[in-house]
Amino acid sequence: MRILAIESSCDETALAVISGSGSDWLLEKNAVFSQIAIHQKFGGVVPEVAARKHAETIIPLLTETLGENKLADIDYLAVTAGPGLITSLLLGVTAAKSLAYASQKPLLPVNHMEGHIYSNWLSNEELRKNDQNYFPSLALVVSGGHTELVLMRGHGDYQLLGTTVDDAVGEAFDKVAKILNLGYPGGPVVSRLASEGDEKFYDLPRPMLNSGDYNFSFSGLKTAVLYTLEKEKNITQEAVKNMCASFQTAAVEILVKKTIKAALEFKVKSVLLAGGVAANQKLKTELQSVCEKNNLAFFFPELKYTGDNAAMIAAAAYYKLQNNDSALRAVEGLSLGVKSNWQIFNK
Ligand code: KG4
Ligand code: ZN
């Protein structure tokens with residue numbers, strides 16, 4: 001089985017090809033065009049600009065991704081149908097529908113967040129070979145738009161345990177970077193400066209740490225950063241580093257404590273980290289250490305698969321197609337529309 005997948009939910013245009021059978025599969029191609037440099041000067045993603053760039057990039061990237069393959073060599077098409085920016089999603093979905101029409105191949109919609117979870121299958125051979133040993137699993141999916149704790153009992157079997165009630169954690173990193181004039185996206189620069197700062201310097205709140213549920217809130221933490229800095233007369237480079245470290249430590253503590261509490265309550269065998277914020281080294285180190293202490297397996301994606309890409313969409317589609325029933329239900333072909341608020345984890 002060979003799948004061509006398209007991802008265009010935000011500011012990355014991406015295509016990938018996966019092929020194989022059972023647990024024996026191969027990522028044949030993985031092409032990503034990131035628009036970060038284009039949006040940087042606006043301090044965030046501009047939806048109209050993102051959509052135009054997707055329109056320009058998608059066909060050249062398709063030619064590159066297909067390579068030696070012809071459309072006739074592809075068995076299934078897969079596309080991110082949501083959640084994401086509606087104008088960005090439309091470009092990928094329209095391209096996928098056109099390809100499905102031209103090739104008469106089935107088209108499978110894939111949820112972007114489910115895709116992020118499958119970046120772990122791209123990165124960890126042990127998980128790929130023996131995934132049944134690691135279910136039930138708990139996924140912490142952390143990106144610019146989402147912060148979700150998801151109980152995964154098997155492929156395609158999800159229960160949403162908690163989500164953010166306001167800002168996503170990646171969004172909080174981005175907003176703190178904006179307050180500190182560090183540019184966009186905030187995560188990479190805040191975490192780099194944090195490694196040079198004193199994490200105990202500023203006493204920041206840990207909102208909803210003891211809320212008794214698995215929901216998150218990061219808006220108050222970001223506001224605390226703003227108010228604390230307003231009291232400083234002179235914001236030195238030292239103060240910026242200390243604030244990055246104090247903020248990162250607070251955000252990571254909330255994520256790690258809630259994740260491990262849920263992992264123990266639901267008696268999972270493994271914890272999976274996913275999404276753009278999975279690039280954060282402190283988050284990985286702290287989760288790894290707490291999982292080790294509690295005899296839980298811990299998997300995280302390679303850096304190249306933490307951000308948006310189509311390889312993870314292809315992998316999610318591949319596992320759907322292994323379970324024929326759910327794939328057949330999912331095939332929507334030419335009637336497929338975009339689902340900008342698609343929530344998949346509450347089945
Ligand atoms: O998954 P992603 O590429 O796009 C969305 O689906 O949102 O995630 C992007 C988010 C941004 O908020 C970015 O600041 C954050 O991931 N991020 C990080 C790091 N690298 C990227 N956050 C914390 N630490 C990082 N090293
Ligand atoms: Zn994403």
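Note that ligands are numbered from 1 as they come in the structure, with each ligand's atoms numbered from 1 the same way. Computed from a predicted model, the values in this text were never measured in an experiment.
Here the side chain of S8 pairs a donor or acceptor atom with the backbone of G92 at under 3.5 angstrom.
The aromatic ring centres of H155 and F135 sit less than 6.0 Å apart. Two rings, from Y134 and F299, have their centers less than 6.0 Å apart. Taking the six-membered ring for Trp, F42 and Y184 have ring centres at least 6.0 Å apart. In this structure, F216 has its ring center at least 6.0 angstrom away from the ring center of H146.
Contacts between E12 and ligand 1 below 4.0 angstrom, taking non-hydrogen atoms only, are absent altogether. At a heavy-atom distance under 4.0 Å, no atom of H146 approaches ligand 1.
For atom 24 (N) of ligand 1, the nearest non-hydrogen atom of the protein is N280 ND2, 3.0 Å. Looking only at protein heavy atoms, the nearest one to atom 2 (P) of ligand 1 is D308 OD1, 3.5 Å. Distance from atom 22 (N) of ligand 1 to its nearest protein heavy atom, with residue and atom name: G187 CA, 3.3 Å. Of all protein heavy atoms, the one lying nearest to atom 8 (O) of ligand 1 is G276 CA, 3.3 Å. In this structure, atom 13 (C) of ligand 1 lies nearest to the protein heavy atom D174 OD1, 3.8 Å. The nearest protein atom to atom 26 (N) of ligand 1, hydrogens excluded, is given as S191 OG, 3.3 Å; this is a heavy-atom distance. Ranking the protein heavy atoms by distance from atom 10 (C) of ligand 1 puts G144 N, 3.5 Å first. Among all protein heavy atoms, the one lying closest to atom 15 (C) of ligand 1 is V277 CG2, 3.9 Å.
Taking 2.8 Å as the criterion, C10 does not count as a coordinating residue of the Zn ion (ligand 2), since none of its N, O or S atoms falls below it.
Put simply, the side chain of V32 does not reach to within 4.5 Å of the side chain of T13, judged on heavy atoms.
For D308, the N/O/S atom at the shortest distance from the Zn ion (ligand 2) is named OD1. Taking the Zn ion (ligand 2) as reference, the nearest N/O/S atom within H116 carries the name NE2.
Residue H112 places a heavy atom less than 4.0 Å from ligand 1. Ligand 1 has H116 within reach: a non-hydrogen atom of the residue lies less than 4.0 Å from it. Residue contacts with ligand 1 do not include C10, since none of its heavy atoms lies under 4.0 Å from the ligand.
Annotation for K282: atom NZ counts as buried by contact number, over 12 foreign heavy atoms lying within 6.0 Å.
Residue contacts with ligand 1: P185 is placed with no nitrogen or oxygen under 3.5 Å of a nitrogen or oxygen of the ligand (distance criterion only).
Ionic pairing of K105 and D75 is not present here: no N-O contact between side-chain nitrogen and carboxylate oxygen is shorter than 4.0 angstrom.
Heavy atoms only, all atoms of each residue included: I58 and L91 are closest at CD1-O, 4.1 Å. Here the closest non-hydrogen pair linking H116 and V141 is CB-CG1, 4.1 Å.
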